[in-house]
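The structure appears right after this line, and notes come after that.
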Number of protein chains: 2
Amino acid sequence: MRYRKIPDESIRRLPVYLRGLLYFAETGAKGVSSEKLADFLHFNPAQIRKDFSYFGYFGIRGVGYDVNTLIKQTRNILKLGNKHKTALIGAGNLGKAILAYPGFGVYGFEILAVFDSDQAKIGKKISGRTVEDVSNLRTLKKRGISLGIVATPAPAAQQVADALVDAGITGILNFAPHHLIVPKKVKVITIDIAMELGRLPYYA
Amino acid sequence: MRYRKIPDESIRRLPVYLRGLLYFAETGAKGVSSEKLADFLHFNPAQIRKDFSYFGYFGIRGVGYDVNTLIKQTRNILKLGNKHKTALIGAGNLGKAILAYPGFGVYGFEILAVFDSDQAKIGKKISGRTVEDVSNLRTLKKRGISLGIVATPAPAAQQVADALVDAGITGILNFAPHHLIVPKKVKVITIDIAMELGRLPYYA
DNA sequence: CGCTGTGAATCATTTCACAGCC
DNA sequence: GGCTGTGAAATGATTCACAGCG
């Protein structure tokens with residue numbers, strides 16, 4: 001199994017596993033089996049075992065997994081061990097919500113810079129960060145910032161993405177309802193909130 | 001094809017197709033082929049044709065699709081034709097961003113009520129809506145509200161979901177980082193922002 | 001002729017079921 | 001004995017390739 005191609009879907013599940021494991025750690029559990037974790041997260045136990053097995057042997061047969069070890073290993077796999085310096089582009093309502101969202105800290109993301117193109121916002125402080133002019137994006141490389149969160153309107157998104165790529169960014173979390181075209185080495189994850197809601201009435 | 005089970009993935013793509021079609025309509029295009037739409041959205045043309053074919057014959061062989069007809073049909077399939085009365089639970093930063101987000105309107109969602117459990121927020125106005133006490137959720141049925149957006153912290157989410165189900169809601173868009181347990185008839189779509197970001201460093 | 005609609009083929013993911021090991 | 005780790009089987013989704021039709 002060790003040599004096989006790892007499905008993207010497995011990577012998608014790892015952060016979910018991590019959350020489950022953090023929950024078990026909180027409750028004071030030392031060990032956990034794939035079945036207990038699966039029950040908690042509503043997954044299939046075999047899938048959990050297989051997903052982890054792509055990356056190594058983390059469990060003990062007949063016993064299960066050590067919670068803290070598996071947390072550490074999962075963080076390793078996802079490269080969440082060290083802090084990730086992140087820039088936010090777009091200081092509108094969504095941007096503000098992102099800044100205030102506690103979830104980012106848990107995964108080691110530090111939003112160190114905030115950019116906008118609106119002169120009225122530039123220079124103002126939001127959640128302790130001064131909003132900078134979007135034309136300064138090229139300073140990101142110098143500042144060691146390697147991830148970008150795009151929270152601009154759709155028409156500006158591609159332009160911002162281009163600037164982020166130029167600034168040497170390696171990953172983009174895109175909230176704009178627009179498909180971003182970037183070089184293959186840059187990973188884009190798009191979250192389109194209205195799009196998700198758009199399929200809800202279908203099931204009603 | 002008509003009789004087959006429709007993959008969830010197809011439903012997930014329909015709102016994306018709709019956005020592409022709206023773009024073509026804006027540019028004044030009368031007709032569009034599966035290939036042109038696929039180019040624009042970065043999909044496979046056969047997939048687009050197959051996805052639509054689950055629901056009927058919408059195209060003309062040798063010609064393509066009529067943009068406006070296909071928009072109407074897609075809206076029909078997704079049941080976006082009529083307005084959807086929606087309640088928002090959680091008037092924090094995320095809730096505020098959701099209220100300000102223009103995307104909902106496009107798909108016909110009207111956020112008619114906002115709830116919170118924080119006494120300091122109840123009674124205050126946000127984006128023109130008065131924040132109500134979360135204990136009044138049972139009034140939703142009377143008010144004809146059938147969808148709920150959960151933007152509360154994780155620990156409160158399940159309780160809120162239970163109350164929404166009791167109030168006769170048929171769909172939930174969940175932003176809380178927590179798996180919601182609801183009856184099968186209720187559809188839940190969860191968007192966990194930190195979780196999406198959590199897999200970004202892996203690809204770096 | 002050109003593009004849709006769709007069976008068939010391919011490819012990917014999930015689940016099963018059990019050998020292997022603590 | 002019990003749980004992991006994993007080939008093999010089953011399931012599901014995507015893409016191909018072309019028949020069918022305007």
Side-chain angles (χ1 to χ4, degrees), chain A residues 1-17 20-21 24 29-74 77 179 199 202, chain B residues 1-17 20-21 24 29-74 77 199 202-203:
Chain A
M1 182 57 50
R2 203 65 357 87
Y3 52 98
R4 295 264 232 95
K5 172 179 162 310
I6 297 160
D8 248 35
E9 291 301 314
S10 294
I11 305 303
R12 189 185 298 274
R13 284 186 292 266
L14 287 177
V16 184
Y17 297 162
L21 291 167
F24 277 100
K30 282 281 295 170
V32 69
S33 66
S34 60
E35 193 176 340
K36 273 199 272 180
L37 188 57
D39 279 355
F40 179 70
L41 296 169
H42 299 86
F43 280 105
N44 176 302
Q47 185 165 66
I48 293 178
R49 294 198 300 275
K50 177 155 283 196
D51 283 343
F52 280 119
S53 82
Y54 287 122
F55 300 97
Y57 308 96
F58 301 130
I60 300 165
R61 290 172 198 228
V63 179
Y65 300 91
D66 178 77
V67 173
N68 286 318
T69 306
L70 197 53
I71 286 173
K72 211 185 304 178
Q73 296 293 355
T74 309
I77 297 165
H179 183 270
R199 66 200 164 92
Y202 172 83
Chain B
M1 183 56 53
R2 202 65 357 90
Y3 51 98
R4 294 265 231 92
K5 172 180 162 312
I6 297 158
D8 247 36
E9 291 302 313
S10 294
I11 304 301
R12 187 185 300 273
R13 284 186 292 267
L14 287 177
V16 185
Y17 298 161
L21 291 167
F24 277 100
K30 282 282 293 169
V32 68
S33 66
S34 61
E35 195 176 339
K36 274 199 272 178
L37 188 56
D39 280 356
F40 178 71
L41 296 170
H42 299 88
F43 280 106
N44 176 300
Q47 186 165 66
I48 293 179
R49 294 199 299 277
K50 177 154 284 195
D51 282 345
F52 281 119
S53 82
Y54 287 122
F55 301 98
Y57 308 96
F58 301 131
I60 300 165
R61 290 170 197 230
V63 178
Y65 299 92
D66 178 77
V67 173
N68 286 318
T69 306
L70 197 53
I71 286 174
K72 212 186 303 178
Q73 296 293 355
T74 309
I77 296 165
R199 66 200 165 92
Y202 172 83
Y203 297 97

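Just so you know, these numbers use all the heavy atoms, side chains as well, and skip hydrogens, waters and symmetry mates. Note that the structure is predicted; figures quoted are calculated from it, not measured. In the text below, chain A, chain B and the rest are named by the order of the sequence lines, each starting its count at 1.
Between Tyr65(B) atom OH and dC3(C) atom P there is a gap of 12 Å when expressed in whole angstrom units. The OH-C1' distance, from Tyr57(A) to dC22(C), rounds to 15 Å in whole Å. Atom CG in Leu70(B) sits roughly 14 Å away from atom C1' in dC3(C) (whole-Å rounding). To the nearest angstrom, P of dT6(C) lies 11 Å from OH of Tyr54(B). Look at CG on Leu14(B): it is 14 Å from P on dA13(D), rounded to the nearest Å. Taking atom CZ of Arg12(B) as the reference point, atom C1' of dA13(D) lies 13 Å away to the nearest angstrom. Rounded to whole angstrom, the span from the NZ atom of Lys5(B) across to the P atom of dT11(D) amounts to 13 Å. Rounding to whole angstrom units, CG of residue Asp66(A) and P of dC3(D) are separated by 16 Å.
Within the structure, every side-chain polar atom (N or O) of Ser33(A) is placed at least 4.0 Å from both OP1 and OP2 of dC3(D).
The two atoms that bring Arg199(A) and Ile11(B) nearest to each other are CB-CG2, 3.9 Å, heavy atoms only. Among all heavy-atom pairs drawn from Asp51(A) and Arg13(A), the shortest one is OD2-NE, 2.7 Å.
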(request) Report the C-alpha separation of Leu70(A) and Tyr17(A) in whole Å, then their side-chain angles, then the decisive distance to 0.1 Å, and conclude whether the side chain to side chain contact (heavy atoms under 4.5 Å, CB included) test is met. (result) CA-CA 10 Å; Leu70(A) 197 53; Tyr17(A) 297 162; over 6 Å; no
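Heavy atoms of other residues, nucleotides or ligands lying less than 6.0 angstrom from CD of Glu35(A) number 12 at most.
Expressed to the nearest 0.5 Å, how far OH of Tyr54(A) lies from CD1 of Ile77(A) amounts to 12.5 Å. Summarising the geometry, atom OG1 belonging to Thr69(A) is positioned 8.0 Å from atom CD1 belonging to Ile60(A); distances are rounded to the nearest 0.5 Å.
At the heavy-atom level, Arg13(B) lies under 4.0 Å from the strands shown only through sugar-phosphate atoms. Contact annotation for Ser34(B): backbone-only contact, meaning every heavy-atom pair under 4.0 Å involves sugar-phosphate atoms and none involves a base.
Aromatic ring orientation, Tyr65(A) versus Phe52(A): tilted (interplanar angle from 30° to 60°).
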(request) Assign a letter to each nucleotide of nucleotides 15-22 of chain D from its 5' end: B, base within under 4.0 Å of a protein heavy atom; S, sugar-phosphate only; -, no contact. (result) BBB-BBBB
